[in-house]
Amino acid sequence: MSEIPVPEGRSLNFLEEIIESDIARGQKRVHTRFPPEPNGYLHIGHAKSICLNFGLAKRYGGLTNLRFDDTNPVKEDTEYVDSIKEDVKWLGFEWAGEYYASDYFEQLYSWAIDMINKGLAYVDDQTQEQIRTTRGTVTVPGTPSPWRERSVDENLMLFSGMREGKFADGEKVLRAKIDMAHPNMLMRDPILYRILHTEHHRTGDKWCIYPMYDYAHGQCDSIERITHSICTLEFDVHRPLYDWFIEKLDIFPSHQYEFARLNLTYTMMSKRKLLQLVQNKYVSGWDDPRMPTICALRRRGFTPESVRAFAERVGVAKRDNVIDLGLLEFCVREDLNRIAERRMAVVNPLKVVITNYPEGKREMISCVNNPENPDAGSREVPFSREIYIEKDDFMEIPSKKFFRLQPGGEVRLRYGYLIKCEEVVKSPDGEIIELRCTYDDQSLGGSSSDGRKVKGVIHWVSAADAIPAELRLYSTLFTLENPDDVEEGKTFVDYLNPESLVTVNAWLEPALGTAAQGEKFQFERVGYFTPDYDSRPGKLVFNRTVGLKDSWAKIAAK
RNA sequence: UGACCCAUGGUGUAAUGGCAACACAGCAGAUUUUGGUUCUGUUAUUCUAGGUUCGAGUCCUGGUGGGUCAACCA
């Protein structure tokens with residue numbers, strides 16, 4: 001078994017410990033699975049699960065299956081199947097086999113007949129309402145169904161009638177015969193099959209009865225000989241049932257282990273609510289950059305490496321957690337800082353005329369593409385007498401810690417000249433509309449005519465050459481740190497962040513304009529020059545930080 | 001007033017009966033042609049009461065707090 005070591009400086013998480021002790025006890029094989037229901041797009045929470053399942057198997061020389069848990073045809077669709085496959089691939093994982101719970105419908109059905117024959121399952125004629133009320137509550141035991149003691153033959157006949165379509169939806173169900181007084185509600189004669197005259201996205205109208213999750217999942221794991229079936233905490237009460245079916249059917253003993261699902265501040269993880277956001281058009285789609293979906297992260301410029309690094313950093317445990325969104329941003333910044341090429345842009349333009357620069361002259365200035373990586377090379381950016389700088393890069397009455405442009409002060413144009421502000425031009429109502437500056441013609445390339453240094457370095461674009469563009473800045477969709485924690489009488493919709501999408505005009509250096517001639521300007525090529533960004537509500541700020549912190553912008557060519 | 005799961009800095013995750021650590025966030029400083037990056041320093045942690053033990057974050061018991069479960073969803 002080829003093993004890959006855990007990252008240096010990190011100790012084993014509890015799942016790795018379980019696997020290592022299994023191996024120590026003689027287990028020869030590690031086989032996991034990632035089992036999404038194709039009823040929505042994958043989000044960052046799934047990314048944690050994907051990285052866990054694939055990562056664990058890889059670390060111990062095992063395999064991981066991709067299995068679609070498609071036992072409820074009313075919610076599922078091939079659109080989701082396709083997106084899930086695309087997202088898992090994008091994250092960088094290869095599955096050993098692609099399976100569907102629906103592939104096993106015939107086997108599951110035949111096992112159900114075995115259960116009936118063993119006297120462990122019966123057809124119940126009660127209504128949904130009756131079944132609900134006779135199940136009891138968490139504190140009071142349930143009561144047995146009047147149909148619980150039907151004969152094996154009658155059950156067999158009725159169950160095959162269910163399959164043949166002799167009954168309407170909801171008319172009958174197949175239930176396991178366990179214990180209506182069991183302290184675990186899941187063990188109070190759980191439903192195995194329900195009647196659903198609904199077309200299934202893969203099996204069409206072949207079936208009109210469909211297995212429930214509890215009856216299907218463990219058996220699917222068993223069929224695929226999954227050794228470690230890893231799921232989230234809320235399934236821990238299902239484990240006794242998972243084990244019960246495997247024991248009664250006497251099939252391959254897969255085992256279930258639970259870990260705490262990922263929660264992120266300001267982020268909604270519920271698939272059901274995300275679907276509502278899409279359906280009610282609060283967002284433009286599943287890949288709206290404000291969504292926590294993997295396709296949205298991709299569109300926003302996240303790299304698969306950064307998402308995997310995030311999954312590794314959040315760790316795995318069994319206690320509920322809320323990860324600071326800042327950690328996700330740290331991970332993408334860490335990666336992008338290494339690989340992203342920088343460009344200059346101005347969002348709030350202030351015109352600057354360099355009075356001692358020859359009129360009509362235009363020169364090309366060499367700019368480094370990525371200070372973190374010399375191999376990224378450089379590009380030529382035009383410079384002329386009239387340029388735009390960021391409004392915020394000038395203060396008429398500077399505060400103490402402000403070291404950018406100010407009256408009589410000097411600043412460096414990034415990769416260009418030192419300029420000195422000689423005059424502030426104002427409109428009749430007092431607004432600053434133009435700066436008149438002089439430049440030091442000896443100051444290109446970091447030097448100056450007399451060796452003096454300046455502290456401030458600012459972005460600029462040549463006014464005549466700049467490409468106007470529309471910049472969309474995205475921040476969190478919700479104003480609430482925990483969007484599930486809504487006040488009485490309100491819903492998550494009441495907490496949508498009105499500033500989650502802000503459109504601003506921007507002026508870009510020409511090289512970006514060329515690239516922007518396509519239909520859409522991809523974020524991963526522009527994200528690093530957009531205005532500073534703080535993802536917390538009300539903190540969307542524009543300043544001269546044009547680093548990677550501004551990870552959420554996308555540009556549309558004008 | 002049930003069963004099960006969980007409790008370590010602001011947020012996460014380690015420490016497997018023997019010096020409570022790492023990352024993110026925060027703060028301070030240095031470097032820097034991005035107020036970015038990098039580097040240095042720094043603040044801050046075992047829910048509670050008992051018990052076992054030479055020694056408890058860790059084991060035991062009680063309490064408190066949080067979570068999950070009463071879909072013919074997964």
Side-chain angles (χ1 to χ4, degrees), chain A residues 9-13 17 35-37 39-40 69-72 74-76 101 124 126-128 131-133 135-142 169-175 182-188 190-196 209-210 212-214 216-217 231-240 258 260 262 265 271-272 312-331 333-334 337-338 342 344 367-368 370-372 393 401-404 412-416 418 445-446 453-459 528-529 532 543-550:
Chain A
R10 205 206 78 185
S11 48
L12 297 183
N13 64 46
E17 281 176 9
E37 182 188 15
N39 67 344
D69 223 337
D70 55 351
T71 56
N72 184 7
V74 303
K75 286 187 176 178
E76 298 151 7
D124 194 344
Q126 292 183 110
T127 63
Q128 187 166 349
I131 290 177
R132 190 170 59 77
T133 55
R135 187 155 28 223
T137 70
V138 289
T139 50
V140 344
D169 287 7
E171 205 176 324
K172 287 183 174 18
V173 290
L174 184 72
R175 299 178 75 176
H182 201 286
N184 182 342
M185 300 283 298
L186 269 319
M187 300 296 274
R188 320 241 260 231
I191 292 170
L192 271 38
Y193 273 92
R194 77 284 216 187
I195 300 170
L196 247 29
I209 56 170
Y210 293 91
M212 298 287 292
Y213 166 85
D214 284 304
H217 201 96
C231 61
T232 47
L233 237 37
E234 64 270 25
F235 288 98
D236 75 331
V237 289
H238 295 247
R239 183 158 21 91
E258 308 86 18
L262 172 74
T265 55
K271 257 204 232 179
R272 191 176 59 80
E312 176 68 40
R313 276 174 191 266
V314 296
V316 193
K318 293 192 77 162
R319 80 181 87 136
D320 295 323
N321 61 83
V322 186
I323 308 289
D324 194 323
L325 188 55
L327 183 63
L328 180 60
E329 295 182 337
F330 168 81
C331 290
R333 236 181 288 133
E334 184 187 43
N337 182 53
R338 228 179 41 240
R342 275 63 155 175
M344 292 192 288
C367 300
V368 169
N370 181 358
E372 304 299 316
D393 283 345
K401 284 209 160 182
F402 185 85
F403 47 81
R404 284 165 275 159
R412 177 170 296 281
L413 296 174
R414 189 153 199 232
Y415 298 121
L418 292 174
K453 294 260 179 197
V454 298
K455 204 166 183 193
V457 179
I458 65 174
H459 277 222
Y528 31 85
F529 73 75
D532 196 9
N543 71 20
R544 66 186 302 279
T545 313
V546 283
L548 296 165
K549 206 163 179 184
D550 13 75

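Computation of the quantities below employed the complete heavy-atom set of this structure, encompassing side-chain atoms and omitting hydrogens, waters and symmetry-equivalent molecules. By convention in this document, chain letters (A, B, ...) are assigned in the order of the sequence lines, proteins followed by strands, and residues within each chain are numbered from 1.
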Pairwise [atom1] distance for [N] and [M], with rounding to whole Å:
| N | M | atom1 | answer |
| --- | --- | --- | --- |
| U48(B) | G41(B) | C1' | 36 Å |
| U8(B) | U45(B) | P | 14 Å |
| C4(B) | G63(B) | P | 13 Å |
| A23(B) | C39(B) | P | 11 Å |
| G26(B) | U11(B) | C1' | 12 Å |
| U43(B) | C22(B) | P | 12 Å |
| C47(B) | U42(B) | P | 26 Å |
| U46(B) | A20(B) | P | 12 Å |

Just to be sure I understand the rule, does [X] reach a base, reach only the sugar-phosphate, or reach nothing, if contact means heavy atoms closer than 4.0 Å?
| X | answer |
| --- | --- |
| Q128(A) | base |
| F235(A) | base |
| E76(A) | nothing |
| P371(A) | base |
| K271(A) | nothing |
| H217(A) | nothing |
| G445(A) | base |
| F330(A) | sugar-phosphate |
| T71(A) | sugar-phosphate |
| T127(A) | base |
| R188(A) | nothing |
| E234(A) | sugar-phosphate |
| D69(A) | sugar-phosphate |

Under 4.0 angstrom between T139(A) side-chain N/O and A3(B) OP1 or OP2: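 The answer is no; no side-chain N or O of T139(A) sits under 4.0 Å from OP1 or OP2.
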Short side-chain N/O contact from R338(A) to OP1 or OP2 of U38(B), under 4.0 Å: no
By side chain to side chain donor-acceptor pair (under 3.5 Å) - contacts of R175(A) (at least two apart):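 For R175(A) the side chain to side chain donor-acceptor pair (under 3.5 Å) partners, ignoring immediate neighbours, are D124(A).
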Qualifying residues under side chain to side chain donor-acceptor pair (under 3.5 Å), relative to D214(A), sequence neighbours excluded: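 With neighbours one apart ignored, the set is H238(A).
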Syn/anti state of A71(B) by chi, 90° boundary around 0: syn
Paired stretches of RNA chain B - 3 or more consecutive Watson-Crick or G-U pairs, each distance under 3.5 Å: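 When the pairs of RNA chain B are grouped into runs of at least three, the stems are B:2-7 with B:64-69, B:10-13 with B:21-24, B:26-30 with B:38-42, B:47-51 with B:59-63.
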Atom-to-atom span, CD of E312(A) to P of C24(B) - whole angstrom: 14 Å
Distance, rounded to the nearest Å, where E334(A) contributes CD and C24(B) contributes P: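 Atom-to-atom, E334(A) to C24(B), this comes out as 8 Å.
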Worked verdict on I209(A) versus L196(A) for side-chain contact (heavy atoms from CB on, under 4.5 Å): CA-CA 6 Å; I209(A) 56 170; L196(A) 247 29; over 6 Å; no
Contacts under 3.5 Å, N or O only, protein and nucleotides 11-14 of chain B:
residue	atom	partner	partner atom	Å
U11(B)	O3'	V322(A)	O	3.0
U11(B)	O2'	V322(A)	O	2.8
G12(B)	OP1	V322(A)	N	2.7
G12(B)	OP1	V322(A)	O	3.4
G12(B)	O5'	V322(A)	O	3.3
G12(B)	O2'	V314(A)	O	2.9
U13(B)	OP2	R319(A)	NH1	3.1
A14(B)	OP1	V316(A)	O	3.4
A14(B)	O3'	S11(A)	OG	3.1
A14(B)	O2'	S11(A)	OG	2.7

Side-chain donor or acceptor of R10(A) paired with backbone N/O of R313(A) under 3.5 Å: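 Checking the backbone N and O of R313(A) against the side chain of R10(A), no donor-acceptor pair under 3.5 Å is found.
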Non-neighbouring partners of P183(A) that pass side chain to side chain contact (heavy atoms under 4.5 Å, CB included), sequence neighbours left out: none
Residues in side chain to side chain contact (heavy atoms under 4.5 Å, CB included) contact with C231(A), at least two apart in sequence or another chain: F235(A), Q256(A), E258(A)
